[in-house]
Amino acid sequence: MNGIEKELHWHGGEHGGSWEKPHIREVSHELTVQYATHPIRRVLADGQVQVDLVNLRSYNGKLVGPVMEVRPGDTLKVLLKNQLPFKEDMVGDHPHNGPHGSNVTNLHFHGMHVSPAGNSDNVMLSIGPNQQFEYEVKIPSDHPAGTHWYHAHKHGAVGIQLGSGMAGPLIVRGGIDGVEGIREARERILVLQQIPYKMVTNPYDETQQANMVEEFGQLFEFTWLSELVPQGRRVTLNGETLPTFQMRPGEVERWRFIHAGIHFPFRLRLVREGGNPATESIPYYLIAMDGITTGRLDKVDETEMHPGYREDVLVQAVGRDGKPLAQGTYLLVDEVEQNPQAKVLARIVVSGPPKKMKLPKPQALAPFAPFKPILDEELTSHTPQPAHFEVQMLQPPPTPVFKFLLNGVEFDAHAPPRKLTLGAVEEWLVTSTGVPEFFPGHPFHIHTNPFQFTDAQGRIVWKDTLFVPVGAEFRLRTRYKRYVGQFMLHCHIVSHEDEGMMELLEVVPPKQDAGGGHGPHH
């Protein structure tokens, strides 16, 4: 079933004439959720590598789910089979928040502008052990091409499952892929993950210890920072520790970065091995954020990615002087990581004869920026929608206890959702307060409809996930287009989400007496 494609054609007649609907393609995948044992490399203090065998909840027995590729107008069918063991304390709902139901699952198609209801991108579903469910996601014919991803989204189990690697790339093909300078480039899809495994009591056999992700405390930021990284845990790229890529001098590649991790951000930079990162970084070119083409070719020395972010960049094996890079080893480093032994994420070996390749022209990219800016006159309300992240410290160190709130309350699945009107165009005021020494901010993520914000350079950027530092205030704008139904707004540090930093929203049709101002978009 994996990656099966079918083209469906309809022929019919009406009043003696004939008509043909456009081709509709079905793309089918099967995802089996089960425990699997993975060899994961750990880098020791002396630089030696040790291989740990780690038993994790996984898709199809792999550390990363399969790549799903679709085109606008396709129907994506995913048969999700939950073959995790039935265990009484790992199923069932929880009266409040916090970790629960870690063997119950579902799917979220992160970044996709598709229906949040029924068998589509519906995170209200719960698929228990020994159950299966067929998702059917109809992708609109005008859906922009871009880099998205799918992952588990069952409240109370998101952290444990995403921390186990239950995520995979979802690529919408089209448009920008055919631009000269992009179509010739080799493509790398790079899923960055933080797998916080450690030796714990096996919950299925309490006489045994095993490397697993089972305890909620494994997901916490300070566990990764103070315990796991010093022991040699590293960020994995496509399930691999410290992979090596080959490039020719002068070659251009397209890298699709997906931050599928659970907490810390990355600040990505390319440098020569042994060189000074501050002065000898290799610039690259940002062309899309969160799967949305910017329409620009932005030369950057580094990019910052928080959980949930995607960034498409063009990497050209050319130095600051414009000449092909000298043969040798270059490094993809994370400038956020303070442990010098853990900064390197991947090696790039530049070798072979030069390969003269061109970058795309910015004017060729501009037509593929999919959304028009939302100007003041398009807004249908002058009262912004609030989204306020708040962390309260209930108990101080050395054993701190925190409460994670959104708009002053913890998530309540039984509370009525915040109602939004189909066709409305609104501003959101997003803020964050709390204890920055523990939690410097929160990635705001909203399902179904992307939003625009104005960056530090005054440019309008479209995204679906945005880091909101403590003390900051962002004004975002969005259109509620095409789809009615319930969906989520939450912090994408998923342990915060499981602890209650989430809210249920619902887009509803306009009231019948509202006139024709904001009807559905066709």
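The figures that follow rest on heavy atoms only: side chains count, while hydrogens, waters and symmetry mates do not. Model, not experiment: these values are computed from the prediction.
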(message) Tell me if a side-chain donor or acceptor on D121 pairs with a main-chain N or O of T448 at a distance below 3.5 Å.
(response) no
(request) Sort out for me which residue in H113, H153, H110, Q486 forms a side chain to side chain contact (heavy atoms under 4.5 Å, CB included) with H447. (result) H153
(request) Scan side-chain atoms only and decide if S432 and H388 contain a donor-acceptor pair under the 3.5 Å cut-off. (result) no
(message) Does either side chain, that of Q385 or that of R418, offer a donor lying less than 3.5 Å from an acceptor on the other one?
(response) yes
(message) Can you confirm whether or not the ring centre of H151 sits under 6.0 Å from the ring centre of H492?
(response) yes
(request) State whether the side chain of Y284 and the backbone N or O of T303 hold a donor-acceptor pair below 3.5 Å, judged by distance alone. (result) yes
(request) Answer yes if the ring centres of F266 and F264 are under 6.0 angstrom apart, and no otherwise. (result) no
(request) Output yes when a side-chain donor or acceptor of D334 lies under 3.5 Å from a complementary backbone atom of R267, and no otherwise. (result) yes
(message) Over 60° means perpendicular and under 30° means parallel, so tell me whether F216 and F220 are parallel, tilted or perpendicular.
(response) perpendicular
(request) Return yes when atom CD of E180 has more than 12 non-hydrogen atoms of other residues, nucleotides or ligands closer than 6.0 Å, and no otherwise. (result) no
(request) Using the six-membered ring wherever Trp is involved, compare the ring planes of F444 and F389 and label them parallel, tilted or perpendicular (cut-offs 30° and 60°). (result) perpendicular
(message) For the backbone of T75 and the side chain of K138, can you confirm whether one donor and one acceptor N or O come within less than 3.5 Å of each other?
(response) no
(request) Report the residues that fulfil ring pair (Phe, Tyr, Trp, His ring centres under 6.0 Å) with Y197, sequence neighbours left out, ordered by chain and then residue number. (result) none
(message) Could you check whether K463 makes a cation-pi contact with F451, meaning its NZ or CZ is under 6.0 Å from the centre of the six-membered ring and within 45° of the ring axis?
(response) no
(message) Between K481 and D142, is the salt bridge (Lys or Arg N to Asp or Glu O under 4.0 Å) condition met? List the steps.
(response) CA-CA 12 Å; K481 294 182 67 175; D142 59 356; 5.5 Å; no
(request) Output yes when a side-chain donor or acceptor of Y309 lies under 3.5 Å from a complementary backbone atom of P265, and no otherwise. (result) no
(request) Look at the aromatic rings of F245 and W255 and report parallel, tilted or perpendicular, splitting at 30° and 60°. (result) perpendicular
(request) Look at the side chain of Q452 and the backbone N and O of I374, then say whether any donor-acceptor pair between them is shorter than 3.5 Å. (result) yes
(message) Whether the H143 and D74 side chains hold a donor-acceptor pair (N or O, under 3.5 Å, no angle test) is what I'd like checked.
(response) no
(message) Please tell me whether D312 and T147 have a donor and an acceptor in their side chains that are separated by less than 3.5 angstrom.
(response) yes
(message) Is the ring pair H445/H490 parallel, tilted or perpendicular, if the boundaries are 30 and 60 degrees?
(response) perpendicular
(request) Taking only Lys NZ, Arg NE, NH1 and NH2, and the carboxylate oxygens of Asp or Glu, determine whether R477 and E426 approach each other closer than 4.0 Å. (result) no
(request) Answer yes when R320 and D301 have at least one side-chain N-carboxylate O distance shorter than 4.0 Å, and no when they do not. (result) yes
(request) State whether the side chain of D290 and the backbone N or O of D464 hold a donor-acceptor pair below 3.5 Å, judged by distance alone. (result) yes
(message) Just by distance, no angles: are the side chains of Q34 and Y59 close enough, under 3.5 Å, to form a donor-acceptor pair?
(response) no
(message) What I want to check is whether the side chains of H496 and H442 have a donor and an acceptor closer together than 3.5 Å.
(response) yes
(message) When you compare the side chains of H148 and R310, does any donor N or O come within less than 3.5 Å of an acceptor on the partner?
(response) yes
(request) Examine distances only and state if a side-chain atom of R41 and a backbone atom of T241 form a donor-acceptor pair shorter than 3.5 Å. (result) yes
(message) Quick one: does any side-chain atom of Q194 pair with a main-chain N or O of H263 as donor and acceptor, under 3.5 Å?
(response) yes
(message) Side chains of S58 and H38 only: does a donor on one sit below 3.5 Å from an acceptor on the other?
(response) yes
(request) Considering non-hydrogen atoms only, spot the tightest contact between L192 and L190 and give its length. (result) CD1-O, 3.3 Å
(message) Whether the side chain of N122 engages the backbone of M124 through a donor-acceptor N/O pair (distance < 3.5 Å, no angle test) should be reported.
(response) yes
